[in-house]
Structures are given as C-alpha cells and as structure tokens.
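The structure displayed is predicted, hence computed values, not measured ones.
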Amino acid sequence: MKLATVLILLVTLVASASAHMGLLYPPPRGGIGTKQYNGRFHTWIGYKDSKWTMRFPCGGYAPSGKVTNMKAGQVIPVRFYASGMKSKDIAKQPKITSANRQFAQARHGGGTCEFSLSYDGGKSFRLIGRYTKSCPDAYYEWPVRIPKNVPSCTTKNKCLFVWSWTAHVLPQYYHNCADIRLTGVKGGKLPSKGIAIVDFKGRKTGVTAPGDGSKHNAGPGPNKKEINNNMNGRY
C-alpha cells in the first residue's frame, strides 16, 4: 500500500480517539504508520477507554519495529502530531498561512516539553533538550541536538529517543518513545540530568507547567534562546 494511502486511512481512523498531541518524528511506538497504531498514542498517561490504557513508560506500547538511526551531535528535527492534521500536513511540515485557517490542536495552552535518551528500554531517562511555554505545536519543527559525547546504543529495543510533556491548562503528562539506533563516541558519557515524571498514580499529581495561553491555535513556536540552549549542550 502506498504511503499516501496509508496516511489517509490513518487520519480517518484517528478521528475516533480524543484529540490531543503526540510525537510524529521520530516515529514513536504506537505512532502513525506503526503496527501498534490504535489512535491512542497521542493521549496522556492514565487515559483509559475500552480499547487501551496509556501506561508509563512509552504509553505501554511494545517496540514498533520502526528504528530511526541517529548519531552523536546530530540535530533531530522533532515534529508533533495533532488529530486535526490532514495527510498532507503529516507528509510535509505545515506552515501557518492564516490565523483563521488552522487545523485543530489540543495543545492545552502549551507547557514544557522535555527530550531524553534511554539506554535501558525506558527504565531511566537522560535529559538532552527542553522547550517551555509554547511546546508542543505541530506547526513548527523543534530542533534537538543529540549530545556530541554520548556513547553508542545499539541493543535492540533498549535505545529510545523520548518526548515527554507536562501540559499547562490541565494536569496531564504525555510520554512517547521512539526506538533508535545511536552511533556515539568511544568512551562516551551519558547526560547527568533526569526528566520530570508527574501526574499519574505513584507520582506527584496536580502538576501543570507555564504556558503561552493559546489553547487550540498555534503559538509562537520555539524561541531563539531555547533553540540555542538545545543546540549547544545546555542539558
């Protein structure tokens, strides 16, 4: 089946699930185009319906079979999914053409997105990037650099690029994991900082993050200072 046809079918299916935000690129477990796709990967940890319960880590999804190759020092052009996107918006990064003609995004006023690496299949997470207030937003790419000095990770199903989001308007926590194969440096070092893990059973609840006030429309996107931080090893 051609990619365009697959995208159209997937967009039609996702309309049955609640509208929220999820990772589009790199492709996460349970995400668009994976065998595990069930239209729920873009819901929060703790979401439950007759078909699925979103669990921590990675929404409870098993490895998807999709593996993205990455290397130390590489800039990853992170993209997000919103259920109001059409197949053309998924296939190519959309741009805002009019303030009055935007696809729907349940951005919940933005919040804090963190990006991390896991070398142990989701048992621990090492922070490599962060955007605050206006993240996520499917109308922008969010560049995140893999640290230049990280070690390689090639063990099947153990190596993950992870996006997590603490929302602004509602105390909801999102967690998507993309399987990767990472080529690093000999004798490399893992980042020292961890990520925020909140708003589900066993963790601190009622947590929200500062936002940009734009509930469903596009926000201002990544700001230059935070782009610079994420490009220059701040984390």
Side-chain angles (χ1 to χ4, degrees), residues 21-34 41 57-58 61 63-81 90-95 110-166 174-197 220-235:
M21 302 290 293
L23 189 64
L24 181 59
Y25 184 84
R29 296 179 176 183
I32 298 292
T34 66
F41 80 101
C58 308
Y61 290 102
S64 67
K66 282 184 172 289
V67 178
T68 302
N69 291 316
M70 298 183 180
K71 59 184 179 181
Q74 181 181 355
V75 176
I76 308 303
V78 173
R79 293 184 61 200
F80 292 109
Y81 172 80
I90 295 173
K92 183 178 180 180
Q93 176 60 43
K95 296 181 179 180
T112 295
C113 293
E114 292 188 319
F115 304 88
S116 59
L117 297 175
S118 178
Y119 281 57
D120 53 16
K123 294 180 180 178
S124 63
F125 305 92
R126 305 298 183 99
L127 181 70
I128 63 170
R130 179 187 288 132
Y131 285 102
T132 63
K133 295 185 178 179
S134 291
C135 186
D137 193 325
Y139 272 108
Y140 304 94
E141 287 187 350
W142 301 78
V144 176
R145 185 185 295 278
I146 304 297
K148 297 178 181 180
N149 63 339
V150 293
S152 294
C153 187
T154 58
T155 304
K156 186 177 180 180
N157 301 335
K158 294 293 185 181
C159 312
L160 303 172
F161 178 95
V162 181
W163 164 68
S164 51
W165 170 34
T166 303
Y174 296 70
H175 197 262
N176 286 170
C177 304
D179 287 283
I180 65 172
R181 184 181 295 107
L182 177 58
T183 301
V185 299
K186 186 176 181 179
K189 182 180 179 181
L190 288 172
S192 60
K193 295 181 180 179
I195 63 172
I197 304 174
N223 69 58
K224 292 182 178 180
K225 181 179 180 180
E226 292 191 331
I227 291 175
N228 184 65
N229 287 341
N230 288 314
M231 293 299 97
N232 292 288
R234 166 72 182 275
Y235 305 105

Fill in: Steps toward side chain to side chain contact (heavy atoms under 4.5 Å, CB included) verdict (M231, V75)
CA-CA 8 Å; M231 293 299 97; V75 176; 3.8 Å; yes
Item to complete: Can you measure from CG (L182) to CG (L160) and round to the nearest 0.5 angstrom?
Response: 11.0 Å
Item to complete: Look up atom OG1 in T34 and atom CG in D179, then write down how far apart they are to the nearest 0.5 Å.
Response: 10.0 Å
Worksheet entry | Residue list, side-chain hydrogen bond (donor to acceptor under 3.5 Å, both in side chains) with N176, at least two apart or on another chain | none
Worksheet, complete the sentence: Those residues at least two apart in sequence (or on a different chain) that pass side-chain hydrogen bond (donor to acceptor under 3.5 Å, both in side chains) with R79 are Q93
Practice prompt. Would you mind reporting whether Y119 and V150 have side-chain heavy atoms less than 4.5 Å apart?
Written response: yes
Practice prompt. Please tell me if the side chains of Y131 and P143 come closer than 4.5 Å, counting only heavy atoms from C-beta onward.
Written response: yes
Worksheet item: Is the closest side-chain heavy-atom distance between L190 and L117 below 4.5 Å?
Response: no
Fill in: From M21 atom CE to Y174 atom OH, the distance as rounded to the nearest 0.5 Å
9.5 Å
Discussion item. Please enumerate all residues that pass side-chain hydrogen bond (donor to acceptor under 3.5 Å, both in side chains) together with N157, with sequence neighbours excluded.
Written reply: none
Worksheet entry | 4.5 Å side-chain heavy-atom contact, F41 and I32 | yes
Practice prompt. Check S118 against F125 and note the closest heavy-atom contact, atom names and distance.
Written response: CB-CD2, 4.0 Å
Worksheet item: Hey, are the side chains of P63 and R29 touching, using non-hydrogen atoms and a 4.5 Å cut-off?
Response: yes
Worksheet entry | Euclidean distance, I195 CD1 relative to R130 CZ, rounded to 0.5 Å | 10.0 Å
Worksheet entry | Donor-acceptor contact below 3.5 Å, side chain S116 vs main chain I128 | no
Worksheet item: According to the salt bridge (charged side-chain N to carboxylate O under 4.0 Å, His left out) rule, which pairs have a member within residues 147-160, sequence neighbours left out?
Response: none
Worksheet item: If only atom types and distance count, is the side chain of E114 paired as donor or acceptor with the main-chain N or O of A196 below 3.5 Å?
Response: yes
Discussion item. Using a 3.5 Å distance criterion without hydrogens, assess whether the side chain of N230 forms a donor-acceptor pair with backbone atoms of E226.
Written reply: yes
Which donor-acceptor pairs under 3.5 Å do the side chains of residues 64-73 make with protein atoms, sequence neighbours left out?
residue: S64; atom: OG; partner: K66; partner atom: N; Å: 3.1
residue: N69; atom: OD1; partner: R181; partner atom: NH1; Å: 2.8

Donor-acceptor pairs are to be reported for all side-chain atoms of residues 133-142 against protein atoms at under 3.5 Å, with residues two or more places apart or in another chain.
residue: S134; atom: OG; partner: D212; partner atom: OD2; Å: 3.0
residue: D137; atom: OD1; partner: Q105; partner atom: NE2; Å: 3.0
residue: D137; atom: OD1; partner: Y139; partner atom: N; Å: 3.0
residue: D137; atom: OD2; partner: G219; partner atom: N; Å: 2.6
residue: Y139; atom: OH; partner: F103; partner atom: N; Å: 3.0
residue: Y140; atom: OH; partner: G219; partner atom: O; Å: 2.6
residue: W142; atom: NE1; partner: D137; partner atom: O; Å: 3.0
residue: W142; atom: NE1; partner: Y140; partner atom: O; Å: 3.4

Worksheet item: Which distance, rounded to the nearest 0.5 Å, do you find between the CG of D120 and the OG1 of T155?
Response: 10.5 Å
Worksheet entry | Test item: L23 and F80 side chains (from C-beta on) under 4.5 Å apart, heavy atoms | yes
Worksheet item: If you take all heavy atoms of G184 and S152, which pair is closest and at what distance?
Response: N-OG, 2.7 Å
Worksheet item: Could you give the distance from CH2 (W163) to NE2 (H175), rounded to the nearest 0.5 Å?
Response: 10.0 Å
Item to complete: List the atom of P27, the atom of A178, and the distance in Å for their closest heavy-atom pair.
Response: O-CB, 3.4 Å
Item to complete: Kindly indicate whether the side chain of I180, heavy atoms from C-beta on, has any atom under 4.5 Å from the side chain of C153.
Response: no
Discussion item. In terms of relative ring orientation, are F161 and F115 parallel, tilted or perpendicular, with 30° and 60° separating the classes?
Written reply: tilted
